[in-house]
Amino acid sequence: MTEQKAEKPKRELPLSRQLVNKQTEDVYASAWAAKEKGESIGWSTAIFPQELCETFDVPVLYPENNAASISARHFGNQFIEHAEGEMKYPINICSYARLNMGMADMMKNGKFEGVEPAMPLPTFLCLANNSCTQLMKWYENLSENLSIPIFFVDCLFNYNEEEPDAYKNKYVRSQIENNIAAMEKFFNKKFDWNRFLEVQRISQVNRKLFNEIVALNTRMPAPLDGFDLFNYMSCLVICRGKESTTEILKQLKKEVEEHIANGTSTFRGTEEYRVHWEGIACWPNLGFNLKTLRKYGVNAVMNGYVTAWDVAYEPGDLNGMAKAYQCSSTNSFSTPSIMDMRSKSMKKFACDGMLCHVNRSCKLMSFHIFTGRDIIEARNKIPIVNFDGDQSDTRVFSEAQFENRLQGLVEVMKENKGGK
Amino acid sequence: MVFFGIDIGSTATKGTLVNHNGDIVYTTVEAIGTGTKGSARVTERVQEFAAQQGVSIQMTMATGYGRFSYVEGGLQKSEISCHAKGMFYLLPNVRTIIDIGGQDVKAIRLNNKGQIVNFVMNDKCAAGTGRFIETMAKVIDVPLAQFGDLAVQAVSVASISSTCTVFAESEVVSKMSTGISIPNLIAGIHASVARRVVGLVRRNGIEPDIALSGGVSLNMGIVTALEEELHAPLFVSPFSQVAGSLGAALYAKELFEKGNGKTL
């Protein structure tokens, strides 16, 4: 008799996660429906003022979010290879850019392999350079290759202060206003300022809810596996101004509060150590990283990435909104300011250590890793370890090296806790 | 009663036995690493020694890249902690440890109690690692064991500008064809490694005494090149090569004394 190995039953996702999946499906479905009808579809950078297209009720998809999903499903290499080979892009540029430009070119030329989640090709682009300046060359490629317009918001770097000069905010505000006028022509629709106010209000409700949920992870043990935040942040990336996000985050908050009340957590196992994860997830290695962290009882309770969509302003205040987009990403701050935020956050979250992802693709986020760790070490007196990886390029990360460094970190954290 | 530490590295396997006082009673090195018979041979020799001496191995601790696949004893610890433990035992004034492993370079900073304050390791690149030196040894067809002696004979240091192992290989080949002497080439290889390693050590901060751990410590050419790059003396113990396995043995002893472990 042949012995059959029973298939491991899949763990049922909490309702909030099911709602996230449904929301993502709906967003992609509405974009495909627009394509069927020959209507406008946008591709946007992650921290573009989403309030504009949301007000126009035009579907928008987010290549950075899409690249992360495709990478996590291990489908990204074919697009990256296409970008490096046929499109002649070097390995040193952002792997999200390589993946997305490669995918767009393959789609355009009918070579697309139907990888999920598949985005329809856009008819326009929304670009804000507040999180990264490489985005401009990436979107320039898309615009040229697909012969479509870009709605651009040029955000100026806060090189010598954290409070942007008034002229910088004025510059961003005038661009938002110009984009509204240009979009009215492009979409052949009138901009509804009342609806805009409502979208602004929803956006603020959503970001506040998300912050409240993140803050609940300061509890010990944390009610959430910190990696869960990478999943939930997609609501703020792709649907920051939608009521569906409010529903998801309310549900999530309820679940988190239940975990706190019951003394449970989505972190499987015992939370022995709490660390801050610096940088983007290694999406292709997300599963391995998660399992290895769990193996050593390490919960990455907080990271500096998930709060990048905390675009805070008063609804109706266009100046405030311009300022918020001007300085929402930590990439628009100086290294001491970023590390000051990290240091405070690590104290608040009672982190025993810091795990820094030196993301080969992202020069901006990797730039301060080593000087940053010196600042944190001096202020927080915690051990810090860095490891090489990438947000999408699978050639950079080494499982053995990651585990070796993590185990070393755990042993130092254990020693610091008196060997307990 | 003895305690066994085994360091299964990517290029060599080292074993150390310590007694109940923590004194080193036996060391052995096999020049093959993880995935080979290295760990079995080291274990066999250690067990033979223990049998000859009439002592029992109370506990075993594995370290190094092959530690997860070493089944005897079932205990393992990272080589970061083990090198720190071993080197602090050998040189109690050490505050900065450099370990040039087969595929990893480590810089470890200790406090005056021997606890790790912080550590850094190389990125995913073989430059500056033991593998880099091994690859160059194959290119110039000189056994690695002779590198230290030959480096002393160098009258000048050949310039090896490539940090990448693959590019450095072709650079060394082209330099050989121009007639640069083997000792000068070896000195250049050592200088190239030293530049890379010291760059990494500086990231972690340097506090004296600085010591070199691992098998590369046997190569005096590297030691000299590192000292020149550090502008500071670099301490080496006669047991530096086995510092990782020594640290593992000391951890095994500690664990046994705490009563937490299993007996081999």
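Residue numbers begin at 1 in each chain, while the letters A, B, ... track the order of the sequences.
Other residues, nucleotides and ligands contribute more than 12 heavy atoms inside 6.0 Å of the NZ atom of A:Lys363. Crowding of B:Phe68 atom CZ: a count of heavy atoms from other residues, nucleotides or ligands under 6.0 Å exceeding 12. Within 6.0 Å of NZ in A:Lys347 there are more than 12 heavy atoms belonging to other residues, nucleotides or ligands. Within a 6.0 Å radius of CZ in A:Phe288, more than 12 heavy atoms belonging to other residues, nucleotides or ligands are found. At most 12 non-hydrogen atoms from other residues, nucleotides or ligands lie less than 6.0 angstrom from NZ of A:Lys348.
For A:Val396, the part lying under 4.5 angstrom from a heavy atom of chain B is the backbone only. For A:Phe387, no part lies near chain B; criterion is any non-hydrogen pair under 4.5 Å. Only the side chain of B:Asn204 comes within contact range of chain A, with at least one heavy atom under 4.5 Å from a heavy atom of that chain. Residue contact with chain B, scored on non-hydrogen atoms closer than 4.5 Å, is absent for A:Val358. Using a 4.5 Å cut-off between heavy atoms, B:Phe119 contacts chain A through both its backbone and its side chain.
Here A:Glu377 pairs with B:Arg109 in a salt bridge; the nearest charged N to carboxylate O distance falls below 4.0 Å.
Within the 4.5 Å cutoff, no side-chain heavy atoms of B:Ile116 are placed close to those of A:Glu411. Contact check for A:Gln407 versus B:Arg67: side-chain heavy atoms found under the 4.5 Å cut-off.
Remark: A:Lys414 fails to qualify as a cation-pi partner of B:Tyr251 under the 6.0 Å distance and 45° angle criteria applied to the six-membered ring.
When each of B:Asn118, B:Ile80, B:Ile108 is scored by its heavy-atom pairs under 4.5 Å with chain A, the top score falls to B:Asn118.
Between B:Asp104 and A:Asn404, the closest heavy-atom pair is OD2-ND2, 3.4 Å. The two residues A:Gly408 and B:Ser78 make their nearest non-hydrogen contact at CA-OG, 3.7 Å.
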